[in-house]
Amino acid sequence: MHFIRSKYFSKGPTSVDIELSNRCNLRCKMCWFHGENGIGDRYQNSEMATEEILELINQLATYRPHIYFGGGEPFIREDFLTIMAHVKSFGLPISFTTNGTLLDQKKIQKVVELGVDAVNISVDGLEEVHDKLRGQGNFAKVMLNMQHLVECKKGENTKKPSITVNITINPLVVGRLKETINSIRKTTGDGVDFFRIHHLWFITPTELEIHKAAIYKTLKRSAHGARAHCIPLSQHIDSNTLSNEISQLKDLGKIKFFPNLQDKEIHQFYSESYRLRKRCMAPFHSGLVKPNGDIKFCPDEWIDDYVLGNIHNDRFENIWNNEKAKRFRSVIYWQKSFPGCKRCSWMHCY
């Protein structure tokens, strides 16, 4: 009941997700920005300038948070290395996710020299699967750049950055996870630190309508962007095959599962009747900065139209505990979560 006594005040974020851009050099079919159900790039010609991002980091440094760079492809911005260098000047931990195609040896060398803590590289399966989803020839580019990153770490005699291959579950990779992992291990000389099996964060058409109705009732918002995660039930994963396969992966080593679901939970997760009986604590610990400077609580467009404020108009410290922020925390505290939140990745982080 601490949060009730404090009137839903938070001392500050322990992690902040900064979306530098929603732009990307690829057009992956499952992307909620540019994919088949994507909402597009809403921030064309309105991205924060370099100086504005550096000033935001100055303000965030007071809280000592983990800085994660999400959104589109971070290396689409030419100032990405400059921004990370500024974050590291405060000694803050950094991680980011990349499709790996815009890396080169010079950028890789700088990432290692900066002491970036963790790099997540998206791989969707073996070459034919990955290229079918992300474009012809991209698998080979990613593997080559991953090899360069492994070799650069060895050359600098450092463990940073930790390299995680992020494999998001999709129908084409189910049944071939082990084959995919072993192939990448062979290609990189087993230099990858972790393989993360990332379950889909999806919503069915029926769940979407229930989700939007609940948000409108409590927050008077439409959550229009949540449709980017909408997948017809007929396209869902074969949970029996997936569950059996995951049980065989648990003894391989270097394997992580997010969320870490057990056999029965996997079947439930991929069913429309799935229920997650826990409270979302993300608004008390995490914040999201959109490319135009909007501050929000919810990632990945789940509640995209509830904006706390914008860094162009106010300082982060004032936005973090303003009336909109406390209102959202009070709603989520008593309601625990919204219908669509049950598969959101942040629900499983706290």
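In this text, all values refer to a predicted model and were calculated from it rather than measured experimentally. What you see below is based on every heavy atom in this structure, not just the backbone, and it leaves out hydrogens, waters and symmetry mates.
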- Within the distance-only criterion (no hydrogens, no angle test), does the side chain of S10 pair as donor or acceptor with the backbone N or O of F284 below 3.5 angstrom? yes

- Under 6.0 Å from the NZ atom of K107, do we count more than 12 heavy atoms belonging to anything else shown? yes

- State whether the side chain of S183 and the backbone N or O of E179 hold a donor-acceptor pair below 3.5 Å, judged by distance alone. no

- Message: Is the shortest side-chain heavy-atom distance between N25 and I76 below 4.5 Å?
- Response: yes

- Message: Between N145 and G100 (side chain of the first, backbone of the second, donor and acceptor by atom type, cut-off under 3.5 Å), is there such a pair?
- Response: yes

- More than 12 heavy atoms from other groups under 6.0 Å of CD on Q147: yes

- Message: Taking the cut-offs as 6.0 angstrom to the six-membered ring centre and 45 degrees off its axis, would you call K256 and F194 a cation-pi pair?
- Response: yes

- T180 and L126 have their tightest heavy-atom pair at OG1-N, 3.5 Å

- Message: I'd like to know if the side chain of E156 and the backbone of V112 have a donor-acceptor N/O pair within less than 3.5 Å.
- Response: no

- Query: Checking E47 side chain against P291 main chain: does a donor-acceptor pair fall under 3.5 Å?
  - Reply: no

- Closest contact, heavy atoms only, T82 versus L54: O-CD2, 4.5 Å

- Determine whether S345 and D300 make a side-chain contact, defined as any pair of heavy atoms from C-beta on separated by less than 4.5 Å. yes

- Query: Is I94 close to K88 at the side-chain level, that is, under 4.5 Å between some pair of heavy atoms?
  - Reply: yes

- Query: Cut-off 3.5 Å, side chains only: do H267 and S239 have a donor facing an acceptor?
  - Reply: yes

- Donor + acceptor pair across side chains of H312, N292 (<3.5 Å): no

- Task: Would you please say whether a donor-acceptor pair under 3.5 Å links the side chains of Q268 and S273?
- Result: no

- Answer yes or no: does atom NZ of K159 have more than 12 heavy-atom neighbours from other residues, nucleotides or ligands under 6.0 Å? no

- When you check the side-chain N and O atoms of T164 and N166, is any donor under 3.5 Å from an acceptor? no

- Flag, side chain of S243 to backbone of N240, donor-acceptor distance under 3.5 Å: no

- Here the pair of heavy atoms bringing P259 nearest to F269 is CG-CE1, 4.3 Å

- Task: Could you tell me whether K132 atom NZ has more than 12 heavy atoms of other residues or ligands within 6.0 Å of it?
- Result: no

- Query: How about K250: does its NZ atom have over 12 heavy atoms from other parts shown lying under 6.0 Å from it?
  - Reply: yes

- Item | Flag if over 12 foreign heavy atoms under 6.0 Å of CD, E78 | no

- Please report the closest heavy-atom contact between S95 and H66, naming both atoms and the distance. OG-NE2, 2.7 Å

- Message: Between I246 and I255, is there a side-chain heavy-atom distance shorter than 4.5 Å?
- Response: no

- Task: Could you tell me which non-hydrogen atom of G287 sits nearest to which non-hydrogen atom of W346, and how far apart they are?
- Result: O-CH2, 3.9 Å

- Task: Kindly state whether the ring of Y270 and the ring of F202 have centres lying under 6.0 angstrom apart.
- Result: yes

- Message: Is it the case that the side chain of R64 and the backbone of F90 share a donor-acceptor pair, with hydrogens and angles ignored and the cut-off at 3.5 Å?
- Response: yes

- Just by distance, with hydrogens left out, do D305 and S222 show a side-chain donor and acceptor under 3.5 Å apart? yes

- Any idea which heavy atoms bring P161 and V111 closest together, and the distance? CG-CG1, 4.1 Å

- Should we say atom NZ of K178 is surrounded by more than 12 heavy atoms from elsewhere, each under 6.0 Å from it? no

- State whether the side chain of H148 and the backbone N or O of L103 hold a donor-acceptor pair below 3.5 Å, judged by distance alone. no

- Taking the side chain as every heavy atom from C-beta outward, state whether I163 and T188 have any atom pair closer than 4.5 Å. no

- Task: Examine distances only and state if a side-chain atom of E127 and a backbone atom of A140 form a donor-acceptor pair shorter than 3.5 Å.
- Result: no

- Identify which one of Y216, F328, F297, F338 satisfies the ring pair (Phe, Tyr, Trp, His ring centres under 6.0 Å) criterion when paired with Y306. F328

- Message: Closer than 3.5 angstrom, by distance alone: can the side chain of N321 be matched with the main-chain N or O of K326 as a donor-acceptor pair?
- Response: no

- Message: Testing R42, H224, R227, K296 one by one against D304 for a side-chain hydrogen bond (donor to acceptor under 3.5 Å, both in side chains), which residue passes?
- Response: R42

- Item | Sub-4.5 Å side-chain heavy-atom contact between I184 and M146 | yes

- Message: Using 0.5 Å steps for rounding, measure from the CE atom of M143 to the CD1 atom of I121.
- Response: 7.5 Å

- Side-chain touch K153/D193, heavy atoms, less than 4.5 angstrom: yes

- Can you find a pair of side-chain heavy atoms, one from S122 and one from T168, that are under 4.5 Å apart? no

- Y333 six-ring centre to R279 NZ/CZ under 6.0 Å and within 45° of normal: yes

- Item | R221 to W302 six-membered ring, cation-pi geometry met (6.0 Å, 45°) | no

- Task: Taking atom NZ of K254 as the centre, report whether more than 12 heavy atoms of other residues, nucleotides or ligands fall under 6.0 Å from it.
- Result: yes

